[in-house]
Amino acid sequence: MRGWALLAAAVEAEAVTVVDTLGGDYYAQQHLPGAVALVAAEIDTRAATVLPDRDAAIVTYCSNPACPNSGQVADRLAALGYTDVRKYREGIQDWVGAGLPTEAA
């Protein structure tokens, strides 16, 4: 099963918190349904507020595999004690390419 299919099922079931690591205008224009915006520079000041449950399933994403943001945010969240953090490496380009819905801010 493709990564987007697994993530889409988890989003649909509300079994995961999706974190958009692009932020700013990118988040405002288009993000995965229900995603919260959290960029690397804001993790230490905002993570506890936007992600209060350190044991919740969290998936970070960026634009595509070449974008380092999702890995940086995921690694920092893990260092802060979040226990179930994964990366959707293929990113929003893969999601959109699969014809899945997005939201705008």
Side-chain angles (χ1 to χ4, degrees):
M1 185 179 279
R2 298 279 315 233
W4 57 260
L6 294 171
L7 182 55
V11 168
E12 174 93 13
E14 298 180 5
V16 65
T17 300
V18 183
V19 176
D20 179 299
T21 64
L22 292 166
D25 290 340
Y26 295 107
Y27 178 82
Q29 291 172 14
Q30 174 177 270
H31 55 269
L32 272 61
V36 297
L38 186 63
V39 297
E42 299 175 343
I43 295 171
D44 291 350
T45 57
R46 294 190 59 234
T49 303
V50 297
L51 303 168
D53 183 355
R54 290 179 189 252
D55 295 320
I58 297 169
V59 174
T60 63
Y61 74 89
C62 192
S63 55
N64 57 45
C67 179
N69 297 19
S70 62
Q72 292 169 353
V73 170
D75 292 347
R76 183 64 187 142
L77 289 173
L80 290 173
Y82 289 84
T83 62
D84 189 4
V85 182
R86 288 169 269 165
K87 298 165 233 158
Y88 175 34
R89 203 173 85 70
E90 297 79 11
I92 196 165
Q93 289 177 357
D94 182 61
W95 182 271
V96 170
L100 295 166
T102 60
E103 296 176 344

Self-check item: Closest non-hydrogen atom pair, A37 against R46
Solution: O-NH1, 3.0 Å

Practice problem: Give a yes or no on whether Y27 and V39 share a hydrophobic cluster (residues Ile, Leu, Val, Met, Phe, Trp, Tyr; joining criterion: side-chain heavy atoms under 4.5 Å apart). | Solution: no

Quiz item: Just one of L80, I58, V85 clears the side-chain contact (heavy atoms from CB on, under 4.5 Å) bar with L51, so which one?
Solution: I58

Exercise. Taking all non-hydrogen atoms of both residues into account, name the closest pair between P33 and W95 and its distance.
Key: CD-CZ2, 3.8 Å

Quiz prompt | Within one Ile-Leu-Val-Met-Phe-Trp-Tyr cluster: L38 and V16, side-chain cutoff 4.5 Å | solution = no

Quiz item: Could you state the interatomic distance from CZ (R86) to OG (S70), rounded to the nearest 0.5 Å?
Solution: 13.5 Å

Quiz prompt | Considering all heavy atoms, the nearest A57-A15 contact | solution = CB-O, 3.6 Å

Exercise. Would you kindly confirm whether V50 and Y82 end up in one hydrophobic cluster when ILVMFWY residues are joined by side chain heavy atoms under 4.5 Å apart?
Key: yes

Quiz item: Quick one: are L7 and L32 in side-chain contact, heavy atoms under 4.5 Å?
Solution: yes

Quiz prompt | Salt bridge present between D44 and R76 (N-O < 4.0 angstrom) | solution = yes

Quiz prompt | N69 side-chain N/O to T21 backbone N/O, donor-acceptor pair under 3.5 Å | solution = yes

Self-check item: Nearest heavy-atom neighbours spanning Y88 and W4
Solution: OH-CB, 3.3 Å

Practice problem: State whether a side-chain donor-acceptor pair under 3.5 Å links D20 with Y26. | Solution: no

Self-check item: Closest non-hydrogen atom pair, A74 against K87
Solution: CB-CG, 3.7 Å

Quiz item: Does the Y61 side chain pair with the main chain of A35, one donor and one acceptor, at a distance under 3.5 Å?
Solution: no

Quiz item: Do V11 and V96 sit in the same hydrophobic cluster, where Ile, Leu, Val, Met, Phe, Trp and Tyr count as joined when their side-chain heavy atoms come under 4.5 Å apart?
Solution: yes

Quiz item: Can you tell me how far the OG1 atom of T49 sits from the CD atom of E42, to the nearest 0.5 Å?
Solution: 11.0 Å

Quiz item: Would you say S63's side chain and I92's backbone share a donor-acceptor pair under 3.5 angstrom?
Solution: no

Quiz prompt | Identified side-chain contact (heavy atoms from CB on, under 4.5 Å) counterpart of T102 within the set H31, Q29, Q30 | solution = Q30

Quiz item: Hey, any chance V59 and L77 share a hydrophobic cluster, counting ILVMFWY side chains that come within less than 4.5 Å of each other, even indirectly?
Solution: no

